[in-house]
Structures are given as C-alpha cells and as structure tokens.
Amino acid sequence: MAKELITGAEALMRSLEHQGVDTIFGYPGGSIMPVFDALYDHRDKLNHILVRHEQGAAHAAQGFARVSGKVGVCLVTSGPGATNTVTGIADAMIDSTPIVVIAGQVGTAFLGTDAFQEVDLVGITQPITKWSYQIRRAEDVAWAVARAFYIARSGRPGPVVLDFAKNAQVDKVDYEPMKVDFIRSYVPVPDTDPESLKAAAELINNAERPLVLVGQGVELGNAQGELKAFIEKADMPAGCTLLGLSALPSSHPLNKGMLGMHGNLGPNINTNKCDVLIAVGMRFDDRVTGNLSTYAKQAKVIHFDIDPAEINKNVKVDVAVLGDCKRTLAAVTALLKERKHTEWSDSFEEYARTEEEKVIYPELHPATETLSMGEVVRAVSEATNHEAVLVTDVGQNQMMAARYFKYEKERSIVTSGGLGTMGFGLPAAIGATFGRPDRTVCVFMGDGGLQMNIQELGTVMEQQAPVKIICLNNNYLGNVRQWQAMFFNHRYSFTPMMNPDYMKVASAYDIPSRRVFTREELKSAIAEMLAVKGPFLLEACVVEEGNVLPMTPPGASVNQMLLEC
C-alpha cells in the first residue's frame, strides 16, 4: 500500500487536531503562508481568529488558556510577526500560562544570511519559554508539536515556541500522529517526600494562628475542592494572591481577601502575626511580600509548590511540600486534626471593619458627584451575580477591579500579574470569550491601556466577540500619576492623557457603546451593556485623581499599609 505523503504544513494541521486544538489566534505573512494555505482546508475543525496585531494573538491565546484550562495557540509569520509575540510570551512565562506560539521562519538554506524577515527567534525566546525549538525538517513536525504541547501543559505550565522553517512547511513527509508523555531529564511533577507531608501536618496541627496564602497554582492544578477541604478541616483563614483570587469563592467565610501591595488589611497585617504561614501554589512575589527582611519572621513557613525552583527563592521555608497540589493538599488534609481557630479568625474582622470605614465605604459611596472606579466595578460585579469572568488591563483599573469584583466561580480572573503588561486586557478578553463562550466576560481598562492594543476592536467587530468593555476613564496614566503624587511631589510628568472620543471609536467599529458621568446613569447603562448579546463599550468617566488604597509603600513591610495618601 502506497504511503500518503503530505506537506509539513499539512502535518502541522493534523498534529494540532491530534492535540485537541480547535481555536487558533493568528496573523498571516510570507514565511508562514504555506501553513495558512493548509489551514484553509481545515477551517471546519480549526477556528482561526484573525487578530489585528501579533501581540494581540499572544494575549488572546493567554486569555483562552487561562479560562479554559487548555493550551492557547497562536500562529504568526517570521521577523516582526514573531518578535511582536515576545511580550505575550514573556507574560505567559512569568504567569505560568500554557501557550504554543508557532512562527514562520526563512528556509534553512537562508538561515544566517540576514534574509528578508529572518530573526533568531529561538535565541530571543529561550530565556522566556519552557522550550523553544526550530523545526527544520518536515519529518520532525509531528514530534515537535507533540513535545511542545506536553511541555506547555505539564507540570508548571508555560509558553513554548516552535520556529517553523519554510522548507519544512513545503517538503513532503509520511505523517503519523505522535504522543509524548515522557522526556528524559524533564520532571514536570517532582516526587513528594512523605516526611514533608507529616512535617507540614504536624506544624499545622500545633498552630494557634495559621494563615494560608492561596496562589494561582491552585487553579492551575484544579485543586479548588482540595483547598476548601484543607482550610475547612483545620479552620484556617486564607488570603489570595492577585492571580489566585478566584481559587476560593469571595463569599467563603475563611476567605479574608487579597494579599499584596493593594490588598486587604487583614491578611497583610496578620501575615506578620501568624505562627504558621502556609503558601499554596504561589511564588512570594515582591508585591505580596513587601520588605523581605521583615516578612513573616515570627512564623514557621510551609510551601506547597510543583516547581522546586520556587522553594527558598525569596522566602526561607521550614517545610517544602513538592508535587501536584491537588494530591499534596489532600494528603496533608488526611493527616490534619479538626480544629477551631475562632479567636484568630475573628481578629481579621477588626481590620476588615477599619478598611470598610476608611477605604471601602468612601470608595463605593463617594462624597463627590463624579463616579469612582470602585463603585463602577462593584456595580458590574453585582449585575452579573458575581459570576462573570473578570479580565483586566494593568494599572489602577487592575487593582480596583481585583479589589471590588467578587468571584463565585473558578477561573474567573485573567490579568497580567508578573509582567504587568498594559494592552493585555482587550486581546485577553477576546481570547476568554472563545475559551468560555458560556460565560460573561467583562474587561476593565484604563484610558491608557485601552489605546495600547485598541486595534483589536477590529477583531471584536469581525468576530462579534461578546466582550463587555468597561473603560475607567480618568484622563491620566493613573497608577503612575498616583506614585508621582505620593513620591514625586505631584510632579505629573507625562501622565495626563489626551484621549480620543471613545464613542466615535466604538461607532467606527460598529460596537454599541455608552458614556456615563453620574451614578444615576450607571445602573441602566450596565443593564443595557449586559442585555446586548455581542460586544459593548461602556465608558465611565471617573474621578481624575483617585487613588488605590490601602497601599504598602515600596520598601515597606507588608503590615505597614497606608489608608490615606
């Protein structure tokens, strides 16, 4: 029987389908044209979303991955097409988001000749990927794709880059699908030391003031149920990192709020009062710890993590529990005694009342006629029964959205945490609508961040992606302005923004929109936005010089939070 010979480009299509891929975000160009030609015949199974910029493709793939739990895929050409994805790749690496970026490359005969749109993508991306590989032969396509997806999704997830030489796209190969579930020297899930489980349980069983820090690793490991059982059995209060906010419902009585620079008073101050600190799937980021020299020095520290590189990287731990937290949490829970820490848990309420009186109530019920960011966020959250997916851009809008949105469902926050990428929000929200078409997706952006990838309104228009876009417009680069006010003598150096008429911009893209100035208009505008089946742009004109509080100043201890500035 004669073998079926197909092109490397066709082999890529079949390999993607073999991996269960159904959605691709991309932009065509010269060096990837054979792949796009092959894609033409696979449109019934592979839905390609044409973005308007390759950075948008990478962020859309991230949004898709974060809400769906699948690997996001983007497809771009060589040279500038490939380098435009670098910000998204770096963002995915630091936030542990599984994406596979497939980029065209000049033919192998032209490598190293400075050919048109040639760039060393592997060299550029090796430091910011789990794996970066150049496919030079058609016969390597199936193997490379299988390996790429295995690496991207296994262990601590992250980005993978495949640099696809043009000759490998057009050469013929006898294709056979491949599966990769083992790579020598790559250990995605380290073995768990049974003694570490016992040691962790013993510390927790003897603790009088335990505090659990919940990170995104809980969501990445699908361990939300195991986390609840863990904290409930030993009655342990918990605080969540920015990326871990939806791992535990906001309404859970043991959820004491957000950790970090703009987090809640209780979990931050009590970090320096607890006797046992239990970190689950988080990396002790500087925005969470504040000054490391004063961070939780009184506490024994237990660290659950899948990545050995995170252990003792920033905070010295007493017990390291390595492994998949879905299994390790359950194993430790089985060894725990049922405890009550009523007095300790109640101590968070005093801080919550102080924060409510001095920060939250004034933000949600401002004395001024002008809208505040927090009241807009809370109104949207309430209108969606706290069940929507929150996507944010970066800046004050991000911190306000994280603080005042509420989360009742898993995988409900998509934000750029580690890299802090302005322009992330809009394309990530587009990706989220394809990752979870059954859920309402609301993206909050500032007037600065919206303009950074505003061209993706074209993608929204073409796809009718049902993104609910809320622009919190204060006519400033708000976060930088706040720091200039607090630490640079109110010298607003290049932070005031001259903005376009967003209503006209939305109209040009045939996206329904509304601008609001007062709280009397807000409720009806949100109802109108949510009633529209497709996209909607709501511009809320908010207080120009509002500040995000509380705040731990740079270099300060985690318990030295400012309530005013």
Side-chain angles (χ1 to χ4, degrees), residues 23-29 47-68 72-77 80-92 97 99 101 389-395 397-398 401 414-416 419-437 440-473 499-513 529 532 534-539:
T23 306
I24 300 171
F25 303 92
Y27 203 94
N47 183 27
H48 178 268
I49 312 304
L50 178 65
V51 297
R52 298 308 189 260
H53 189 282
E54 292 89 355
Q55 183 183 352
H59 293 326
Q62 287 179 271
F64 176 91
R66 292 269 282 274
V67 299
S68 69
V73 180
C74 59
L75 184 64
V76 299
T77 194
T83 57
N84 281 343
T85 66
V86 167
T87 297
I89 293 167
D91 197 290
T97 305
I99 64 171
V101 176
V389 171
L390 168 69
V391 184
T392 83
D393 207 79
V394 167
N397 65 89
Q398 177 185 34
V414 180
T415 189
S416 174
L419 200 64
T421 305
M422 286 183 68
F424 173 89
L426 181 56
I430 294 169
T433 64
F434 286 96
R436 287 300 303 268
T440 300
V441 175
C442 298
V443 56
F444 287 85
M445 291 178 285
D447 42 305
L450 174 54
Q451 291 182 75
M452 279 208 168
N453 270 315
I454 198 168
Q455 77 285 337
E456 296 309 324
L457 290 175
T459 308
V460 173
M461 172 185 66
E462 181 174 349
Q463 300 295 333
Q464 281 300 292
V467 182
K468 309 306 179 186
I469 305 164
I470 303 97
C471 176
L472 302 174
N473 189 352
N499 292 309
D501 185 330
Y502 289 118
M503 299 299 95
K504 290 181 179 178
V505 171
S507 177
Y509 285 102
D510 201 23
I511 295 172
S513 64
M529 174 180 73
V532 172
F536 194 96
L537 172 60
L538 172 62
E539 180 186 2

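FYI, side chains are in, hydrogens and waters are out, and symmetry mates aren't considered; it's all heavy atoms of this structure. For this chain, numbers begin at 1 and follow the sequence in order.
In this structure, the side chain of Thr83 engages the main chain of Pro80 through a donor-acceptor pair within 3.5 Å.
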Exercise. Evaluate the criterion side chain to side chain contact (heavy atoms under 4.5 Å, CB included) for residue pair Leu537 and Leu457; output intermediate values, then yes/no.
Key: CA-CA 10 Å; Leu537 172 60; Leu457 290 175; 5.6 Å; no
Quiz item: Taking it one step at a time, do Thr433 and Gln463 satisfy side chain to side chain contact (heavy atoms under 4.5 Å, CB included)?
Solution: CA-CA 10 Å; Thr433 64; Gln463 300 295 333; over 6 Å; no
Practice problem: Evaluate side chain to side chain contact (heavy atoms under 4.5 Å, CB included) for Thr97 paired with Asp91, printing each intermediate quantity in order. | Solution: CA-CA 8 Å; Thr97 305; Asp91 197 290; 5.8 Å; no
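A heavy-atom distance below 4.5 Å is found between the side chains of Val467 and Ile430. Between Val414 and Val389, the closest side-chain pair of non-hydrogen atoms falls below 4.5 Å. Looking at heavy atoms from C-beta onward, Phe64 lies out of side-chain contact with Ile99 at the 4.5 angstrom threshold. Two residues are said to be in side-chain contact when any heavy atoms from C-beta on lie closer than 4.5 Å; Asn397 and Cys471 fail this criterion. Side-chain contact between Asn453 and Asp393 is absent, with no heavy atoms from C-beta onward closer than 4.5 Å.
With rounding to the nearest 0.5 angstrom, the CG atom of Leu538 is 8.5 Å from the CG atom of Leu472. Note: Thr85 OG1 to Tyr27 OH = 15.0 Å, rounded to the nearest 0.5 Å. The CD1 atom of Ile469 lies 5.0 Å from the CG atom of Leu426; values are rounded to the nearest 0.5 Å.
Closest approach of Asp510 and Pro512 over heavy atoms only: O-CD, 3.9 Å. Across Tyr509 and Met461, no two heavy atoms sit closer than the pair O-CG, 3.2 Å. Here the shortest heavy-atom pairing between Ala465 and Pro535 reads O-CB, 3.3 Å. Val76 and Gly81 get closest at one heavy-atom pair: CG2-O, 3.7 Å. Across all non-hydrogen atoms, the minimal contact from Gly420 to Ser416 is N-OG, 3.1 Å. Taking every heavy atom of both residues into account, Gly88 and Gln62 meet most closely at O-OE1, 3.5 Å.
Residues that satisfy the salt bridge (Lys or Arg N to Asp or Glu O under 4.0 Å) test with Glu54, not counting sequence neighbours, are absent from this structure. Annotation: side-chain contact (heavy atoms from CB on, under 4.5 Å) contacts of Ala60 (sequence neighbours excluded): Phe25. With sequence neighbours excluded, the residues that form a ring-ring contact (aromatic ring centres under 6.0 Å, His included) with His48 are Phe36. Judged as a side-chain contact (heavy atoms from CB on, under 4.5 Å), and not counting sequence neighbours, the contacts of Thr87 are Gln55, His59, Leu419, Thr421. The side-chain hydrogen bond (donor to acceptor under 3.5 Å, both in side chains) search around Gln398 returns Thr415, not counting sequence neighbours.
The environment of Asn47 atom CG is dense: over 12 non-hydrogen atoms of other residues, nucleotides or ligands sit within 6.0 angstrom. More than 12 heavy atoms of other shown residues, nucleotides or ligands fall within 6.0 angstrom of atom CZ in Phe536.
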Listed pairs under 3.5 Å, donor-acceptor, residues 441-452 side chains, sequence neighbours left out:
unit_1: Asp447; atom_1: OD1; unit_2: Asn474; atom_2: N; d: 3.3
unit_1: Asp447; atom_1: OD2; unit_2: Asn475; atom_2: N; d: 3.4
unit_1: Asp447; atom_1: OD2; unit_2: Tyr476; atom_2: N; d: 3.4
unit_1: Asp447; atom_1: OD2; unit_2: Asn499; atom_2: ND2; d: 3.0
unit_1: Gln451; atom_1: NE2; unit_2: Asp447; atom_2: O; d: 3.1
unit_1: Gln451; atom_1: NE2; unit_2: Asn499; atom_2: OD1; d: 2.7
unit_1: Gln451; atom_1: NE2; unit_2: Tyr502; atom_2: OH; d: 3.1

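Sorted by first then second residue, the salt bridge (charged side-chain N to carboxylate O under 4.0 Å, His left out) pairs that include residues 460-473, not counting sequence neighbours, are Arg52-Glu462.
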